[in-house]
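Beneath this line is the structure, given in C-alpha cells, with notes to follow.
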Amino acid sequence: MAQSFTKTAWIEDITAVSAAQLNRMEAGIYMASAPIVTVLPSTPVDGQECNLLADATAGIVWHLVYRSASGKWHYTGGLPMVSGTGRMSTASTGYTTLAGGARIVVPVAGNYRITGGCAPFINTTPQDAYFGYRTSLGDSQLIRAEPNANNQYAGGNLHGPPQATGQLAAAATIDAIFRTSAGTASYDDPWLAIEPITCG
Amino acid sequence: MQSFTKTAWTDNALPSISAAQLNRIESGIFLASAPLVTVLPSTPVDGQECNFLADATNGVVWHLVYRSTTGKWHYTGGPELYGYIYTEESTTSGAFIDLTTTGPSLTAPLAGTYDLEWNFRGYNTASQNACVMSVNIAGATPVENDGADVYAFGASTGYVPTAISRRRLTLTAGALVKAQYKYSGPIGGSTSYFMKRTLTMRPVVVG
C-alpha cells in the first residue's frame with residue numbers, strides 16, 4: 001500500500017539541503033503525477049497513477065492507480081466507452097450480430113463491467129426478443145422481453161453481469177447480439193457500454 | 001482550495017532557495033499526492049486526495065477528495081460495489097423475505113451517503129400481481145414504495161426487466177444492505193419469480 005507523502009518542515013539555516021531530501025521530493029512529485037498515456041507504464045510502483053487515453057476519437061480518458069498487491073491498475077474515474085444506435089431486426093432464433101450493431105474494441109487487457117440496453121419489440125405474441133453481448137468469454141443475455149401485444153415496445157436498460165470469470169485481452173471485441181424465439185424481433189437504439197474495474 | 005502556484009526560478013536571481021520556498025513545494029507535493037489507502041487519513045486538510053480500497057476482492061478503488069467545509073471526503077471516481085445473482089428463484093410471500101439465495105448483499109465500507117441501485121427480471125403467475133424487490137438496510141424492513149417491480153398483465157411466464165430503482169441513503173460503516181422480495185397485489189397465493197438480481201452501491205460523501 002502506497003504511503004502518503006510526508007512533508008519535511010524546512011527551517012532556515014538548520015535543515016540541510018541534501019541529495020536524500022531532493023530525491024524524496026522528486027519521488028513525491030513522480031508519484032503525484034498522472035501522465036496521459038496510450039500504453040500502461042511498464043514498471044509501475046504501488047500507488048502510481050496514470051490517465052489512459054482509452055478512446056482518442058471520443059476523448060475517453062480513464063484515471064488508473066496501480067496496486068502492487070493485485071498487480072493491476074485500478075479504475076478510479078472517467079467515462080464509459082459507448083457504442084450503438086439505430087433500428088435493426090432479426091428473424092434468427094440463434095444469437096447473431098447485426099449490421100450496424102454495437103461493437104466495442106477493448107483498449108487494454110482488463111476486467112470490465114459491461115452494460116447495455118434497447119427498446120425491443122416483436123411482431124408475434126407470445127414470443128420473446130433477446131438482446132445481449134458476445135465476448136471471448138462467451139455470450140451473455142442482457143434483456144429478454146415478451147411484449148404483451150404485437151409490435152409493442154418492451155424492455156429497458158439493465159446492468160449486465162460482471163465479467164468475473166476472466167479478463168478480456170487487449171483488442172478483444174464486444175458485440176451486441178440478438179435473437180427471437182419466433183417471428184421478427186426489432187430493436188431501437190441497442191447500445192453497449194464498458195467501464196474497467198482493473199486493467200493490465 | 002487554491003491551485004498550486006509555481007515559482008519561476010532563475011539562476012543567480014531572486015527568489016533564492018529558502019525554507020519558505022521548500023515548505024511551499026512540500027505542501028504542493030503533499031496535496032497532489034493521492035495515496036492508495038485502506039483507512040481514510042485521520043487529519044486531512046482541504047483538497048487532500050486519496051484512493052480508497054473499497055473492495056480488495058473485486059479490485060474496487062474510489063478516488064476521494066476532502067472538503068474541510070463539510071468535513072467529508074467527496075467521491076470523484078471509481079466503480080460501484082456490485083452484487084449479482086443470476087439464478088431464478090421464487091416466493092409466494094406477501095411480506096419481504098430472503099429468497100433461497102440470500103441477497104445480493106453489500107456492506108458499506110465507510111460511514112456516509114451512498115447511491116444504491118437495484119433491479120431484476122421477473123414475472124408473476126397472477127394477473128395484476130407484482131413481483132417486488134427492495135432493500136433491507138441494517139435489518140430494517142424494506143419499503144415497498146422503494147421497490148423495483150414487475151406487474152403481470154396476464155397469466156404469463158415471460159420475463160420482464162424492471163426499471164432501475166435508485167435511492168440516496170445515509171449508511172453507517174459496516175451497514176449491511178440486502179435485497180429482499182415479495183409479491184404485491186389483489187390475488188393471494190401467486191408466485192413471484194426473480195432472476196438476474198442486481199444491487200449496486202456508490203458513495204457520494206463519506207467519513
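Since the model is a prediction, treat every value here as computed from it, not as a measurement. A, B, ... follow the sequence lines: proteins, then strands. Residue 1 opens every chain.
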*Enter the distance from A/Trp10:CH2 to B/Ile17:CD1 here, rounded to the nearest 0.5 Å.*
9.0 Å

*Which answer fits B/Ser18, side chain, backbone, both or neither, if we ask what part of it has an atom under 4.5 Å from a heavy atom of chain A?*
both

*Output the option from A/Ala9, A/Ala32, A/Gly28, A/Ser33 having the highest count of non-hydrogen pairs under 4.5 Å with chain B.*
A/Ala32

*Compare every heavy atom of A/Tyr75 with every heavy atom of B/Pro79, then report the nearest pair and how far apart it is.*
CD-O, 3.1 Å

*asked:* Strictly distance-based, threshold 3.5 Å: is any side-chain N or O of A/Arg113 a donor or acceptor partner for the main-chain N or O of B/Glu80?
replied: yes

_At a heavy-atom distance under 4.5 Å, which candidate from A/Arg24, A/Gln21, A/Lys72, A/Glu195 has the highest pair count against chain B?_
A/Arg24

*Check whether A/Thr8 gets within reach of chain B through its side chain, its backbone, both or neither, counting any heavy atom under 4.5 Å.*
both

_Worked check of side chain to side chain contact (heavy atoms under 4.5 Å, CB included) between A/Glu49 and B/Asn51_ = CA-CA 10 Å; A/Glu49 301 180 35; B/Asn51 288 298; 3.3 Å; yes

*What closest approach, in Å, do B/Phe30 and A/Phe5 show between heavy atoms, and which atom pair accounts for it?*
CD1-O, 3.1 Å

*Please answer whether the main-chain N or O of A/Lys7 pairs with a side-chain N or O of B/Glu26 as donor and acceptor at a distance below 3.5 Å.*
no

*Side chains of B/Leu22 and A/Val17: does their closest heavy-atom pair fall under 4.5 Å?*
yes

_CD1/A/Ile29: more than 12 non-hydrogen atoms of other groups inside 6.0 Å_ = yes

*Which pair of non-hydrogen atoms, one from B/Leu36 and one from A/Asp46, has the smallest distance, and what is that distance?*
CD2-OD1, 4.1 Å

*asked:* Using every non-hydrogen atom in the two residues, find where A/Thr198 and B/Gly59 come nearest and quote the distance to one decimal.
replied: CG2-O, 3.9 Å

*Can you find a pair of side-chain heavy atoms, one from B/His63 and one from A/His74, that are under 4.5 Å apart?*
no

